[in-house]
Amino acid sequence: MNIRITLPDGAVKEVPQGISALDIARMISEGLARNVLAARVNGKVQDAALPLNEDAELQLLTWNDTDGKKTFWHSSAHLLAEALEALYPGIKLGIGPPIDNGFYYDIDFGDYKFSSEDFAKVEAKMTELAKQENTFLRSEVAKADAIAYFTEKNDPYKLELIQDLADGEITFYQQGNFTDLCRGPHIPNTGFIKAIKILNTAGAYWRGSEKNKQLTRVYAITFPKRAELDEHLQMLEEARKRDHRKLGKDLEIFTFDDDVGPGLPLWLPNGAQMIETLETFAKKTEKEAGYQRVKSPHIAKESMYLKSGHLPYYAESMFPPMELDGERYYLKAMNCPHHHKIFAAQQHSYKDLPLRYAEYGTCYRYEQSGELFGLMRVRSLTMNDAHIYCTEAQFEQEFMAVNALYLKYFKVFGIEKYVMRFSKHDPAKLGQKYMNMPEKWQKTEEMVRKVLVSSGIPFVEVEDEAAFYGPKIDIQIWSAIGREFTLATNQVDFAQAERFDLYFTNEKSEKERPLIIHRAPLSTHERFIGFLLEHYAGNFPVWLAPRQVVVLPISDKYMDYAQSLCGFLKKYDIRAFVDERAEKAGKKIRDAEVAKIPYMLIVGEKEAGSGEVSVRKHGGTDLGSMNQLAFAELIQAETEI
RNA sequence: GCCGAUGUAGCUCAGUGGUAGAGCACUUCCUUGGUAAGGAAGAGGUCAUGGGUUCAAAUCCCAUCAUUGGCUCCA
């Protein structure tokens with residue numbers, strides 16, 4: 001009997017029932033068959049070797065498909081486990097999934113300390129096993145048999161996983177002498193895995209809970225070709241070069257000091273200049289968008305944070321209080337309570353709303369020590385904060401305007417790859433993690449979804465990630481090195497107006513609660529500048545560059561000309577300085593290149609005589625000579641944003 | 001907070017029990033030069049901190065602090 005298989009290009013093949021995706025690949029070409037890692041059958045990814053028994057849509061997955069790669073890495077995780085089990089008998093296996101770049105396996109090594117010194121040995125073993133070209137054999141196993149197998153093998157972690165599975169949905173995969181509990185799918189055989197690299201190890205709690213035992217997570221990556229591994233390692237090397245911690249040091253942006261404390265960055269003049277530039281830009285933008293600026297102190301009494309709800313919910317993340325005059329004072333972890341007090345200080349009519357209070361507010365958060373990370377996770381942070389107080393009728397428009405502001409900023413900075421995450425509450429945690437106001441949650445989450453849908457921006461919805469006072473949108477972005485984090489956030493707050501007894505007088509002369517929007521499109525200076533360093537790899541656009549122009553006199557005979565030129569540029573608000581060292585031009589150029597200064601002005605006899613400048617751009621482009629004014633105008637044009 | 005790694009000059013790093021090193025940067029001197037490193041000399045270190053072992057510790061052991069790869073967390 002024949003079945004009809006539809007390929008992605010619409011072609012239909014009549015093939016005998018029971019044929020595998022691999023067979024179909026072979027019918028198309030041997031080359032394709034050699035590269036098929038898995039198959040997507042009617043949307044579901046499965047082994048390419050499984051028989052096809054009915055009409056289906058078939059896509060052959062190779063290394064060029066994300067699911068092909070995932071299958072490859074998943075199979076590689078099995079190979080890793082096989083090698084580890086061969087080398088370290090008696091280890092117990094946790095889970096071993098593929099990740100975005102490679103895969104890992106969580107292993108209980110017992111008393112053995114697995115370290116980087118073991119890596120070469122494991123790589124060699126994996127290579128040896130891969131060369132055996134062992135087929136990944138799938139078998140369906142009854143629950144009782146599965147339990148019996150892992151009881152015999154004495155693997156408590158697998159047994160725990162099996163407990164949660166229903167009889168009839170348990171499958172094992174075997175390659176060589178190694179059998180693992182696994183849903184699959186897998187690549188045809190281990191021979192596809194040609195290049196192997198163990199990357200690092202880390203502790204990881206079993207099933208992600210800190211109540212459980214910590215296993216050793218072994219990270220690795222594999223490729224079907226040696227050259228691709230080399231390329232990947234090269235890429236990791238490049239990524240390290242643009243790490244904000246390295247660039248921040250090299251470009252003299254920020255530093256940390258043990259005497260100041262962990263997570264408390266010190267901004268060097270270059271970094272402080274960037275902060276200044278960003279603030280100037282944000283303040284102008286916010287002014288145009290109808291925000292008013294406010295200012296508030298860095299500390300407040302305990303009573304305010306009790307009122308705001310921060311203390312019961314987030315006390316652990318705040319620095320411990322200081323006591324004076326019989327009162328407990330806390331460093332602020334957020335600006336919102338202060339802004340609410342500013343709102344409360346005056347009487348408001350519905351005619352005044354929306355009110356938008358903006359502040360670059362410095363907050364202090366006691367992040368757990370293990371979570372600190374360069375500038376991205378710190379304990380003192382200055383937020384591009386604002387709170388919008390509006391009526392329910394105004395909410396939609398205000399929320400959309402905030403989203404539009406994000407997009408405007410992202411365009412300026414060339415941030416193209418991001419995901420909007422719509423973070424909702426988990427009803428089961430009302431009263432604990434979230435304010436116990438179920439109707440408000442439902443209503444505001446609906447409002448947010450409506451805005452997102454109508455604005456047409458793609459977004460994903462995630463449960464149990466809301467703020468305690470309401471749903472939010474987080475903008476997840478990837479730095480150039482592929483690290484993901486929340487850059488900006490836009491949050492609804494239906495709770496604090498109540499808690500702070502905030503109200504405005506509506507048209508019927510009644511008191512009404514405003515809705516509050518918290519927003520921070522430019523994140524914090526710390527995280528944003530950390531991101532920008534990586535995003536631009538330190539090659540900032542001229543408007544952002546802390547040092548825009550360096551004047552390089554060929555010899556000190558032309559120092560006076562260099563100084564007067566520098567003075568001229570400063571009149572145009574151009575951040576210029578003279579390299580006064582008694583070095584040769586080549587050396588000064590090299591140093592300016594390394595410092596990633598956008599423009600170099602080389603001045604010698606010719607320029608001093610004609611009153612011109614010889615312009616070199618960072619990267620080596622020679623723009624030739626021009627007069628001073630022409631250059632100043634060039635920079636001004638480039639700094640318009 | 002947890003598991004692991006790391007901590008030597010301003011920076012990048014070498015030094016595995018026996019007199020603290022290199023390159024760059026810095027200071028001084030010479031050189032006054034044309035698009036990615038001119039030359040010489042000098043200064044600079046309680047080897048993260050505190051204990052311990054040893055005739056002797058940067059080196060071995062313990063603790064603490066910091067950084068870091070992850071986990072957990074993330075207003």
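In what follows, chains are A, B, ... by sequence order, proteins preceding strands, each numbered from 1.
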For the pair made of [atom1] in [X] and [atom2] in [N], what is the distance, rounded to whole Å?
X	N	atom1	atom2	value
A/R240	B/rG69	CZ	P	11 Å
A/E316	B/rG1	CD	P	12 Å
A/D464	B/rC74	CG	P	8 Å
A/F373	B/rC73	CZ	P	19 Å
A/L264	B/rC65	CG	C1'	15 Å
A/D118	B/rA5	CG	P	12 Å
A/N200	B/rA5	CG	P	13 Å
A/M318	B/rC74	CE	C1'	15 Å

Requested in this report: Please name all residues satisfying side chain to side chain contact (heavy atoms under 4.5 Å, CB included) with A/D106, sequence neighbours left out, ordered by chain then number.
Outcome: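 Expected list: A/I95, A/Y104, A/A204, A/L215, A/R217.
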Query - All side chain to side chain contact (heavy atoms under 4.5 Å, CB included) counterparts of A/K440, not counting sequence neighbours - result: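 In terms of side chain to side chain contact (heavy atoms under 4.5 Å, CB included), with neighbours along the sequence ignored, A/K440 is linked to A/M437, A/F494.
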Mind checking what makes side chain to side chain donor-acceptor pair (under 3.5 Å) contact with [X], not counting sequence neighbours?
X	result
A/Y219	none
A/E605	none
A/Q563	A/E580
A/Y88	A/D118

Distance between the [atom1] atoms of [N] and [M], in whole angstroms?
N	M	atom1	answer
B/rU35	B/rG69	C1'	42 Å
B/rU54	B/rU72	C1'	42 Å
B/rA5	B/rA40	P	43 Å
B/rG10	B/rU6	P	23 Å
B/rA36	B/rA22	P	30 Å
B/rG7	B/rU59	P	11 Å
B/rC74	B/rG15	P	42 Å
B/rC11	B/rG45	P	14 Å

Report task. Assign a letter to each nucleotide of nucleotides 33-46 of chain B from its 5' end: B, base within under 4.0 Å of a protein heavy atom; S, sugar-phosphate only; -, no contact. Result -> BBBBBB--------
When both hydrogen-bonding distances must be under 3.5 Å and the geometry is Watson-Crick or G-U wobble, what is [N] paired with, if anything?
N	result
B/rA63	B/rU49
B/rA56	none
B/rC2	B/rG70
B/rA22	B/rU12
B/rU35	none
B/rA41	B/rU27

Query - Test of ring centre spacing under 6.0 Å for A/H618 and A/Y599 - result: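 No - the distance between ring centres of A/H618 and A/Y599 does not fall below the 6.0 Å cut-off.
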Query raised in the report: Can the ring centroids of A/Y389 and A/Y357 be said to lie less than 6.0 angstrom from one another?
Result: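 Under 6.0 Å, so yes.
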Query raised in the report: For A/R245 and B/rU68, is the shortest distance between a side-chain N/O and OP1 or OP2 below 4.0 Å?
Result: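 Yes, such a contact exists.
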Report task. Please check the phosphate of B/rG4 (OP1 and OP2 only) for any side-chain N or O of A/T201 closer than 4.0 Å. Result ->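 For A/T201, the contact criterion (side-chain N or O under 4.0 Å from OP1 or OP2 of B/rG4) is not met.
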Name the nucleic acid region contacted by [X], choosing base, sugar-phosphate or nothing; use a 4.0 angstrom heavy-atom cut-off, strictly under.
X	value
A/L215	nothing
A/Y219	sugar-phosphate
A/G374	sugar-phosphate

Requested in this report: Look at the side chain of A/Q368 and decide which nucleotide, out of B/rC71, B/rU68, B/rU72, has an atom nearest to it.
Outcome: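 Shortest atom-to-atom distance from the side chain points to B/rU72.
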Query raised in the report: For the base of B/rC74, is there a side-chain donor-acceptor partner from A/R377 under 3.5 Å away?
Result: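 Check passes, donor-acceptor contact within cut-off.
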Hey, what are the protein-to-nucleotides 6-12 of chain B N/O distances that come in under 3.5 Å?
{"from": "B/rU12", "atom 1": "OP1", "to": "A/K249", "atom 2": "NZ", "distance (Å)": "3.2"}

Report task. Find which nucleotide of RNA chain B each of A/E465 and A/L372 is nearest to by heavy atoms, and output the residue with the more 5' nucleotide. Result ->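 It is A/L372, whose closest nucleotide lies nearer the 5' terminus.
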Query raised in the report: Between A/A202 and A/G263, which has a closest nucleotide on RNA chain B that is more 5'?
Result: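 It is A/G263 whose nearest nucleotide is closer to the 5' end.
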Query raised in the report: Should we count NZ of A/K246 as having more than 12 external heavy atoms under 6.0 Å?
Result: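 Counting other residues, nucleotides and ligands, NZ of A/K246 stays at 12 neighbours or fewer.
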Contacts of [X] that satisfy salt bridge (Lys or Arg N to Asp or Glu O under 4.0 Å) - sequence neighbours left out:
X	result
A/R365	none
A/K70	A/D100
A/D164	A/R207

Query - Passing candidate, ring-ring contact (aromatic ring centres under 6.0 Å, His included) with A/F468, options A/H518, A/H425, A/H310 - result: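 Exactly one candidate clears the test, A/H310.
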Query raised in the report: When you measure from every atom of RNA chain B, which of residues 295-305 of chain A have a heavy atom less than 4.0 Å away?
Result: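 Hits under 4.0 Å, by residue number: none.
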Report task. Verify, without hydrogens or angle tests, whether A/R513 (side chain) and A/L502 (backbone) share a donor-acceptor contact under 3.5 angstrom. Result ->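 Checked: pair present.
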